[in-house]
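Values reported hereafter were calculated over all heavy atoms of this structure, with side chains retained and with hydrogens, waters and symmetry mates removed. So that the names make sense, note that chain A is the first sequence line, chain B the second, and so on, each numbered from 1.
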Amino acid sequence: MSGPNSSVDNISIEVLLFAGASELAGARSIVLSLAAGTTVAELRENLIHQYPALEPLATVSRWAVGEIFVDDTHCLKNSDRVAMIPPVSGG
Amino acid sequence: MIELIEEPIDAARLLTAVSDPACGGQVLFVGTTRRWTQRDPHDLLETEYLMYEAYREMALGQMRSLAEEAAKRWPIKKFAMVHRLGRVEPQEASVAVAVSSPHRSEAFEAAKWLIDQLKHEVPIWKQEHYVQNGTEWIHPSSGSCNCPTHEPKLAANKQHSR
């Protein structure tokens with residue numbers, strides 16, 4: 001991680017919020033600037049750090065990138081749109 | 001037919017959509033909104049109306065994937081899934097699923113599987129607007145549903161507002 005390009009590389013991630021999560025954060029989406037190589041688990045920690053009110057829902061939510069569910073180890077890329085999917089209640 | 005709509009669901013339209021000359025059975029499930037929610041013996045809540053919200057693009061994609069999966073598991077000829085968004089009054093249909101197949105048993109099985117999966121997987125949420133107690137987004141804790149794959153449990157992980 002000492003190369004000339006890696007130390008300052010940050011990626012911009014838009015996090016989409018729905019239902020109770022949107023209400024708790026007071027926003028429909030949040031843009032985060034994160035270190036390159038950030039995983040979904042790290043994004044969740046970062047989000048909770050910046051929006052502590054989201055913690056109860058963030059810890060039980062699933063995450064989707066490009067409308068596909070991903071797991072905690074999924075590596076994020078610049079300009080990814082990540083959706084926080086709190087427990088669903090359709091039907 | 002896979003749709004998210006803001007108008008009342010016309011169940012007859014789903015039956016028309018799954019009509020097929022090779023099929024001897026159509027099963028239609030219609031989920032309707034309850035006016036009363038019994039959270040515990042001393043807490044009966046009355047719903048004035050519900051608001052449904054979806055992550056639209058993903059919800060439609062998930063509904064399509066579920067239909068494709070169902071078509072692999074059962075000999076379904078046609079299917080229809082429609083979910084309501086926006087304001088829904090008590091007693092109105094919030095969701096409808098219809099399938100047709102050559103014989104009835106697989107139509108029943110596929111329709112049940114589809115509605116159970118829809119309720120677990122598709123990013124749609126409802127917000128209760130209670131007569132007396134403000135509003136509440138519903139985010140069930142795992143296992144709080146009544147489907148056969150989970151233990152029935154009354155407590156839901158809900159979050160209050162107002």
S.K.: Would you say Y52(B) ends up clustered with M81(B) if hydrophobic residues are merged whenever their side chains have heavy atoms under 4.5 Å apart, either directly or through other cluster members?
M.R.: yes
S.K.: What part of Y55(B) is in contact with chain A, defined as an atom under 4.5 angstrom from a non-hydrogen atom: side chain, backbone, both or neither?
M.R.: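 Both backbone and side chain.
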S.K.: Check whether any side-chain N or O of S89(A) sits under 3.5 Å from a backbone N or O of I138(B) as a donor-acceptor pair, and report yes or no.
M.R.: yes
S.K.: Just how far is it from atom CD1 of I68(A) to atom CD of Q62(B), taken to the nearest 0.5 Å?
M.R.: 7.5 Å
S.K.: Give a yes or no on this: more than 12 heavy atoms of other residues, nucleotides or ligands lie within 6.0 Å of atom CZ of R104(B).
M.R.: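 No, CZ of R104(B) has 12 or fewer neighbouring heavy atoms, counting only those of other groups under 6.0 Å.
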S.K.: Take atom CD in Q91(B); do more than 12 heavy atoms of anything else shown fall under 6.0 Å from it?
M.R.: no
S.K.: Is there a salt bridge (charged side-chain N to carboxylate O under 4.0 Å, His left out) between E57(B) and R81(A) once you walk through the steps?
M.R.: CA-CA 13 Å; E57(B) 304 89 332; R81(A) 294 180 100 196; 5.1 Å; no
S.K.: Are V70(A) and I11(A) joined in one hydrophobic group, where the rule is that I, L, V, M, F, W and Y side chains link up if heavy atoms are under 4.5 Å apart?
M.R.: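 Yes, V70(A) and I11(A) fall within the same hydrophobic cluster.
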S.K.: Would you say the side-chain atoms of H83(B) pair up with the backbone N or O of G91(A), donor to acceptor, closer than 3.5 Å?
M.R.: yes
S.K.: Pick one of side chain, backbone, both or neither for A93(B), based on which atoms fall under 4.5 Å of a heavy atom in chain A.
M.R.: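 Neither part.
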S.K.: Within the 4.5 Å heavy-atom criterion, are E121(B) and R62(A) side-chain neighbours or not?
M.R.: yes
S.K.: Applying a strict under-4.5 Å side-chain criterion to I, L, V, M, F, W and Y, I'd like to know whether F69(A) and L118(B) cluster together.
M.R.: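 No, because F69(A) and L118(B) fall into different hydrophobic clusters, even though each may have its own neighbours under 4.5 Å.
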S.K.: For residues P123(B) and F18(A), determine if any side-chain heavy atom of one lies less than 4.5 Å from a side-chain heavy atom of the other.
M.R.: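 Not in contact.
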S.K.: Verify the cluster assignment for M84(A) and I48(A): are they in a single hydrophobic cluster under the rule of side-chain heavy atoms below 4.5 Å apart?
M.R.: no
S.K.: Just wondering, do L57(A) and H139(B) contact through their side chains at under 4.5 Å, heavy atoms?
M.R.: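 Yes, their side chains come closer than 4.5 Å.
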S.K.: Which pair of heavy atoms, one from V88(A) and one from I124(B), lies closest together, and at what distance?
M.R.: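 Heavy atoms only, the tightest pair is CB-O, 3.5 Å.
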S.K.: Same cluster for I115(B) and W113(B) if Ile/Leu/Val/Met/Phe/Trp/Tyr side chains link at under 4.5 Å?
M.R.: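 Looking at the clustering, W113(B) is in the same group as I115(B).
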S.K.: Do E53(B) and R28(A) meet the salt-bridge criterion of a basic N to acidic O distance under 4.0 Å?
M.R.: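 A salt bridge is present here (some side-chain N lies under 4.0 Å from a carboxylate O).
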S.K.: Say whether, by atom type as modelled, one donor and one acceptor occur between the side chain of W137(B) and the main chain of S22(A) under 3.5 angstrom.
M.R.: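 It does not hold such a pair.
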